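These notes concern the structure reproduced below.
Everything quoted here is computed from the prediction, not taken from an experiment.
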Amino acid sequence: FPWCSQSEWRRLVHVIKSLLDREVLYVPYSLEYVQHLPLLNFQPFAYHLQFSVLLLRGFQFLCSSSGATWLPGEAWKHVARLYCLSLSDLLGSVKGVARCQWHPTEEKNMTRELSFVYIQMFCHTLHVAAMLPESTGEPLLLLSLEILSQY
């Protein structure tokens with residue numbers, strides 16, 4: 001896992017997406033960073049929210065006392081780059097879904113739904129960056145700026 005190539009990582013992400021789409025793997029998106037969940041339609045963005053949460057949970061395990069010794073120091077930078085690759089791809093996918101779902105009559109709701117998705121991804125990225133060992137989180141900080149620019 002930590003030393004897989006970008007193409008191997010993308011294949012793994014594709015398998016995870018398939019499991020999420022078929023509801024074989026269930027990852028609830030939670031209210032960690034918000035007071036309440038707005039009554040909006042998040043179904044078009046369910047995969048994006050679930051995958052972002054899944055990556056966060058994976059990093060919470062890797063950075064915990066249970067998994068901290070599993071990765072050697074030099075592997076953290078590579079894993080951080082794989083995380084950034086995944087979230088960059090996820091951002092592109094969010095934009096694609098938004099373009100397909102955009103209806104002028106529902107512009108206000110779509111804007112709120114997109115805002116919620118971007119805010120969640122931003123918070124997840126900063127949460128992961130804060131957990132990483134020193135000098136490995138810079139790519140995530142740049143990614144968080146990219147997410148903010150989309151917001």
[atom2] on [Y] to [atom1] on [X], rounded to 0.5 Å:
X   : Y    : atom1 : atom2 : answer
L54 : H124 : CG    : NE2   : 11.0 Å
C84 : E138 : SG    : CD    : 10.0 Å
W9  : I16  : CH2   : CD1   : 6.0 Å

So which heavy atom on [X] is nearest to which on [Y], and how close?
X    : Y    : result
F45  : A98  : CE2-N, 4.3 Å
G137 : A129 : O-CB, 4.4 Å
L55  : S86  : CD1-CB, 3.9 Å

So do [Y] and [X] actually touch side chain to side chain, heavy atoms under 4.5 Å?
X    : Y    : result
L132 : F59  : yes
C4   : L12  : no
T125 : L56  : no
I147 : L87  : yes
M131 : L140 : no
H48  : Q120 : no

Residues passing the side-chain hydrogen bond (donor to acceptor under 3.5 Å, both in side chains) test with R10, sequence neighbours excluded, are D89
Check: S115 side chain, T111 main-chain N or O, donor-acceptor pair, under 3.5 Å
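It does hold such a pair.
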[X], [atom1]: over 12 other non-hydrogen atoms inside 6.0 angstrom:
X   : atom1 : value
Q6  : CD    : no
E8  : CD    : yes
E74 : CD    : yes

Run the side chain to side chain contact (heavy atoms under 4.5 Å, CB included) test against S88 and tell me which residues pass, sequence neighbours left out.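 Partners of S88 by the side chain to side chain contact (heavy atoms under 4.5 Å, CB included) criterion, ordered by chain and then number, come out as L143, E146.
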